[in-house]
Amino acid sequence: MTTHAPQAAQAVTLPTTLDEAVAALTAMPTAVPVAGGTDLMAAVNSGQLRPAALVGLGRISEIRGWQYQDGHALLGAGLTHARMGRPDFAALIPALAAAARAAGPPHIRNAGTLGGNIATAAPTGDALPVLAALEATLIIAGPGGAGREIPVSHLLAGVEMLRGGELIGYVRVPLLHAPQVFLKATGRTGPGRAVASVALVLDPARRGVRCAVGAIAPMPLRPLEAEQWVAGLIDWDNDRALVPEALNAFGEYVAAACIPDPVPEPDGSVAPLPPAVLHLRRTVAALARRALGRALS
């Protein structure tokens, strides 16, 4: 599991049910849960983390699939990126499937899990802006059979955190049956960590547009005013038509909301954005414009 010699013996527990995993974490407060280990083991190998005990989640079959529930999809936290990238899942939640396919090379997609992506909460996590745009919620399993449900955005923003002995069991995602898009820009050709990413979903029932921008901040950003503005311009009764000029304006609106201009100086002057930041803002604008264009086409 690591290329470094361990400093101390580690206890490893391999539960087969979610309740057993919660019980193990409750009994060993210093234990760290591990599923795919794509981020955790990298931290261990680099010496940044030395867990006293591990609770492996790979044998818990109940969280490796999904089911339908009241117009929602209940996704197990153990779903791998490779599984979410398959056509049957893509027909269900296209943007999340696209994010899963973009998550990295095959060995990462085969090991990495949806719950791990959320719990790690790395800014470049590809699933995170999609879940934010879908306004997904987490079903948390706790000690003694206790459970609670919180918005994904609350966990990512640190408004609510996992408590001792708790695990992410499932992710509840609304089935919108409407176009949704995930796009990302990387610093190199091929799979790689996102420099910026955009998830955009249409919600025809509410005549709404939901957009989330990832990788440019510690958590996905929702440009709410830009969403409301462009939703009011879409002709929802006529093939969701939108004038071309509005696409460009939407991209600029999203980018300016997520990467605003510097605060004016006391004399009223405004310093220009550094070239790297200006380039990033242009990248976000292009991604948002393309995402909306694809969703409406």
Side-chain angles (χ1 to χ4, degrees), residues 36-43 45-46 48 79-87 89-90 93-134 152 156 179-201 210-223 226 247-248 250-259 273-295 297:
T38 54
D39 290 316
L40 175 67
M41 297 317 300
N45 288 341
S46 65
Q48 297 176 349
L79 273 170
T80 64
H81 298 304
R83 184 65 190 89
M84 291 188 290
R86 295 181 186 175
F89 190 92
I93 313 172
L96 191 54
R101 289 193 293 265
H107 67 279
I108 295 294
R109 298 198 303 273
N110 288 332
T113 63
L114 177 62
N117 210 222
I118 298 168
T120 301
T124 54
D126 291 320
L128 304 186
V130 178
L131 296 174
L134 289 169
V152 170
L156 299 179
Q180 46 187 258
V181 178
F182 170 79
L183 298 174
K184 80 174 186 177
T186 64
R188 58 187 177 87
T189 304
R193 293 188 179 274
V195 174
S197 61
V198 168
L200 187 138
V201 301
R210 299 209 291 270
C211 176
V213 179
I216 67 170
M219 59 172 287
L221 304 178
R222 286 281 303 277
L247 285 177
N248 291 330
F250 174 72
E252 297 297 333
Y253 203 160
V254 169
C258 296
I259 307 176
L273 289 172
V277 177
L278 185 59
H279 176 72
L280 183 60
R281 187 154 88 170
R282 289 170 178 165
T283 300
V284 171
L287 291 175
R289 181 181 70 247
R290 292 170 188 169
L292 180 59
R294 292 186 185 183
S297 62

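All heavy atoms count here, side chains included; hydrogens, waters and symmetry mates do not. If you're wondering where the values come from, they're calculated on a predicted model, not measured in any experiment.
A donor-acceptor contact shorter than 3.5 Å is absent between the side chain of R193 and the backbone of T124. No donor-acceptor pair under 3.5 Å is formed between the side chain of K184 and the backbone N or O of D126.
Considering CD1 of I259 and CG of L278, their distance stands at 9.0 Å, rounded to 0.5 Å. Of the inter-residue distances, the one linking E252 atom CD with R281 atom CZ reads 7.5 Å to the nearest 0.5 angstrom.
Across all their heavy atoms, A212 and A132 have their closest contact at CB-CB, 3.9 Å. Contact between G187 and V195 at its shortest, heavy atoms only, is N-CG2, 3.6 Å. Closest approach of I108 and A103 over heavy atoms only: CG2-O, 4.1 Å. Residues V198 and A291 share a closest heavy-atom pair of CG1-CB, 4.1 Å. Contact between R294 and L183 at its shortest, heavy atoms only, is NH1-CD2, 3.2 Å. When all heavy atoms of A288 and G251 are compared, the closest pair comes out as CB-CA, 4.0 Å.
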Would you be so kind as to tabulate the donor-acceptor pairs closer than 3.5 Å made by side chains of residues 110-117, with sequence neighbours excluded?
| unit_1 | atom_1 | unit_2 | atom_2 | d |
| --- | --- | --- | --- | --- |
| N110 | ND2 | P106 | O | 3.2 |
| T113 | OG1 | G116 | N | 3.1 |
| N117 | OD1 | A127 | N | 3.2 |

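Two residues are said to be in side-chain contact when any heavy atoms from C-beta on lie closer than 4.5 Å; R210 and R222 meet this criterion. Side-chain contact between N248 and R289 is present, with at least one heavy-atom pair separated by less than 4.5 Å.
In terms of the side chain to side chain contact (heavy atoms under 4.5 Å, CB included) criterion, residue partners of A199 (sequence neighbours excluded) are, by chain and number, P129, V130, A133, F182.
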